[in-house]
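Below is one structure, written out as structure tokens, with a few remarks after it.
We number each residue from 1, following the sequence as shown.
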Amino acid sequence: MSKKRNFVFLGLFAVLMGGGAAAASIFYNMAVVPKKKTQEEIDSSPVDSEAIKWLRSLPSREDVYINSIDGLKLHAHLIKADTDSHKYAICIHGINSDGEFMSMYAKHYHDMGINVLLPDNRGYGLSEGDYTGYGYFDRLDIMEWIYYITHMDKDAHILIHGTSMGAAITLMTTGEKLPDNVVFAVADSSYTTLSEEFAAVYKSFNAFIPVSVALFILRFLILIRCGYDINKIDVLKAVSKSKTPTLFIHGDEDKLIDPQMCSRLYEKCTAPKQYCLILGADHVAGAYVDPDKYWNKVDSLMEKTGY
């Protein structure tokens with residue numbers, strides 16, 4: 001009987017691990033392999049569609065490139081202000097997107113007379129790369145873009161504004177030692193840690209494989225294929241080291257990233273900070289649902305930091 005029981009347990013374990021590997025592989029393709037938005041997806045949002053048309057037709061838009069510390073060629077759109085200005089906004093996009101999808105934010109800053117940089121995160125747009133970094137490598141890429149700006153203009157005053165994954169990248173960047181040129185940051189709908197966010201998304205699939213098994217295998221896959229550990233993408237730890245004044249924004253009806261994550265990040269942040277909850281807004285919809293409240297909060301932090 002003991003041998004039969006052992007065979008049963010081994011069989012169940014094999015099924016569990018096999019199912020976990022399959023689930024993790026599917027989740028890996030969904031979460032880590034970069035995807036480009038189709039024109040149909042672009043056109044589905046009239047606001048984004050019009051903003052992207054504005055960007056593409058803008059005579060002052062330039063394609064600029066840098067090399068990452070690990071040798072990737074990274075691309076960004078640079079939009080010079082209509083008049084000379086030492087103010088710069090770096091707008092960082094989220095997953096399965098690219099720099100163009102920050103055009104609505106870029107237009108707002110450009111209309112204020114601010115130079116704007118729209119980086120394509122590694123693996124997206126015209127930037128090289130085969131996988132989504134979720135901030136692990138990307139924070140270092142943004143630091144390179146900061147140095148790009150300061151080499152171009154030593155008197156630059158820089159704000160960083162990110163949405164979703166871009167918000168996490170923003171906050172992880174502020175956890176690094178930054179030059180005094182970086183004046184403040186806006187984080188719209190960031191997660192706390194990548195492992196916590198992955199667990200929440202995986203649970204929403206109602207898969208029969210336990211989340212702990214699937215995430216263990218997913219963590220292994222990402223470590224082997226991409227070279228980073230998802231457990232080390234800890235935005236809470238980053239904000240606890242930040243000295244950059246930061247505005248935390250989240251929609252109270254966000255179904256992708258729990259709004260409570262924003263509250264926890266705000267509480268953990270050691271830098272001067274403000275908090276803004278946009279009522280009735282789903283994921284990164286705050287600037288669309290209540291633009292007056294959204295941009296008034298940004299303007300308020302601008303004034304307080306002397307930007």
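Separating the NZ atom in Lys255 from the OG atom in Ser204 is a distance of 13.0 Å, to the nearest 0.5 Å. Note: Ile160 CD1 to Met143 CE = 9.5 Å, rounded to the nearest 0.5 Å. For the atom pair CD1 (Ile90) and OG1 (Thr173), the distance works out to 8.5 Å, reported to the nearest 0.5 Å. Remark: Leu126 CG to Asp98 CG distance equals 8.0 Å, nearest 0.5 Å. With rounding to the nearest 0.5 angstrom, the CG atom of Asp188 is 8.5 Å from the SG atom of Cys262. Here Cys276 contributes atom SG and Leu279 contributes atom CG; the two are 9.0 Å apart, rounded to the nearest 0.5 Å.
Between Leu55 and Ile79, the closest side-chain pair of non-hydrogen atoms falls below 4.5 Å. Using a 4.5 Å cut-off on side-chain heavy atoms (C-beta onward), Leu256 and Val201 make contact. The shortest distance between side-chain heavy atoms of Asp299 and Leu301 does not fall below 4.5 Å. Using a 4.5 Å heavy-atom cutoff, the side chains of Glu100 and Arg56 are in contact. Within the 4.5 Å cutoff, the side chain of Tyr294 has no heavy atoms near those of the Asn296 side chain. Taking the side chain as every heavy atom from C-beta outward, Met302 and Ile114 approach each other to under 4.5 Å. Side-chain atoms of Val186 and Tyr105, non-hydrogen and from C-beta on, never get closer than 4.5 Å to each other. Put simply, the side chain of Leu74 does not reach to within 4.5 Å of the side chain of Pro119, judged on heavy atoms.
Shown here for Thr163 and Val284, the closest heavy-atom pair between the two residues is CB-CG1, 3.8 Å. Across all non-hydrogen atoms, the minimal contact from Ser195 to Asn231 is CB-OD1, 3.6 Å. Summarising the geometry of Ile169 relative to Tyr134, their closest heavy-atom pair is CG1-C, 4.4 Å, with the distance given to 0.1 Å. Of all non-hydrogen atoms in Asn181 and Ala156, the two that sit nearest each other are ND2-O, 3.0 Å. When all heavy atoms of Ala167 and Ser189 are compared, the pair lying nearest together is CB-C, 4.2 Å. Minimum heavy-atom separation, Gly251 to Pro259: O-CG, 3.3 Å.
In this structure, the side-chain hydrogen bond (donor to acceptor under 3.5 Å, both in side chains) partners of Tyr288, at least two apart in sequence or on a different chain, are Asp48. By the ring pair (Phe, Tyr, Trp, His ring centres under 6.0 Å) test, Tyr88 pairs with no residue at all, sequence neighbours left out.
Using modelled atom types, one side-chain atom of Asp254 and one backbone atom of Ile257 make a donor-acceptor pair closer than 3.5 Å. Glu128 places a side-chain N or O within 3.5 Å of a backbone atom of Lys73 that can act as its donor or acceptor partner. Under the 3.5 Å distance criterion, the side-chain polar atoms of Tyr109 are left unmatched by any main-chain donor or acceptor of Val116. A distance-only check finds a donor-acceptor pair linking the side chain of Lys35 to the backbone of Val33 [under 3.5 Å]. The backbone N or O of Gly227 lies less than 3.5 Å from no partner atom in the side chain of Tyr136, so there is not a single donor-acceptor pair. At least one donor-acceptor pair closer than 3.5 Å links the side chain of Ser127 to the backbone N or O of Asp120. A donor-acceptor pair under 3.5 Å is formed between the side chain of Ser240 and the backbone N or O of Lys237. Without hydrogens or angle criteria, Ser44 side chain to Glu41 main chain gives a donor-acceptor distance under 3.5 Å. The closest donor-acceptor contact from the side chain of Asp141 to the backbone of Ser68 lies at 3.5 Å or more, if one exists at all. The closest donor-acceptor contact from the side chain of Lys297 to the backbone of Leu277 lies at 3.5 Å or more, if one exists at all.
Within 6.0 Å of atom NZ in Lys241, more than 12 heavy atoms from other residues, nucleotides or ligands are found, so the atom counts as buried in its surroundings. By the 6.0 Å contact criterion, CG on Asp84 is open, its count of non-hydrogen atoms from other residues, nucleotides or ligands being 12 or less. For Lys304, the NZ atom counts as loosely surrounded, since its 6.0 Å shell holds 12 or fewer non-hydrogen atoms of other residues, nucleotides or ligands. In this structure, Asp180 places its CG atom where only 12 or fewer heavy-atom neighbours from other residues, nucleotides or ligands lie under 6.0 Å away. The environment of Tyr65 atom OH is dense: over 12 non-hydrogen atoms of other residues, nucleotides or ligands sit within 6.0 angstrom. Within 6.0 Å of CD in Glu253 there are more than 12 heavy atoms belonging to other residues, nucleotides or ligands.
A cation-pi arrangement is absent between Arg264 and Tyr266 under the rule of less than 6.0 angstrom and at most 45 degrees off the ring axis. Remark: Lys87 qualifies as a cation-pi partner of Tyr307 under the 6.0 Å distance and 45° angle criteria applied to the six-membered ring.
A continuous path of hydrophobic side-chain contacts links Ile142 to Met152 [ILVMFWY only; heavy atoms under 4.5 Å]. Tyr131 and Leu223 fall into different hydrophobic clusters, where Ile, Leu, Val, Met, Phe, Trp and Tyr residues are linked whenever their side-chain heavy atoms come under 4.5 Å apart, directly or through other members. In the hydrophobic cluster analysis, where Ile, Leu, Val, Met, Phe, Trp and Tyr join through side-chain heavy atoms closer than 4.5 angstrom, Ile92 is grouped apart from Val183. Hydrophobic clustering, with ILVMFWY side chains joined whenever heavy atoms are under 4.5 angstrom apart, keeps Phe220 apart from Val213. Under the 4.5 Å side-chain heavy-atom criterion for grouping Ile, Leu, Val, Met, Phe, Trp and Tyr, Leu178 is not connected to Phe184 through any hydrophobic cluster.
The aromatic rings of Trp295 and His108 lie parallel to each other, their planes meeting at an angle below 30°, with 60° marking the opposite boundary.
With respect to Asp234 and Lys268, no salt bridge is recorded, no charged nitrogen being found less than 4.0 Å from a carboxylate O. With respect to Arg61 and Asp63, a salt bridge is recorded, a charged nitrogen being found less than 4.0 Å from a carboxylate O.
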Inset, instruction - Give the C-alpha distance, both sets of side-chain angles, the deciding distance and a yes or no for ring pair (Phe, Tyr, Trp, His ring centres under 6.0 Å) between Tyr124 and Phe101. - result: CA-CA 11 Å; Tyr124 292 96; Phe101 271 82; over 10 Å; no
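Partner of Val235 under the side chain to side chain contact (heavy atoms under 4.5 Å, CB included) criterion, chosen from Met172, Glu196, Glu197: Met172.
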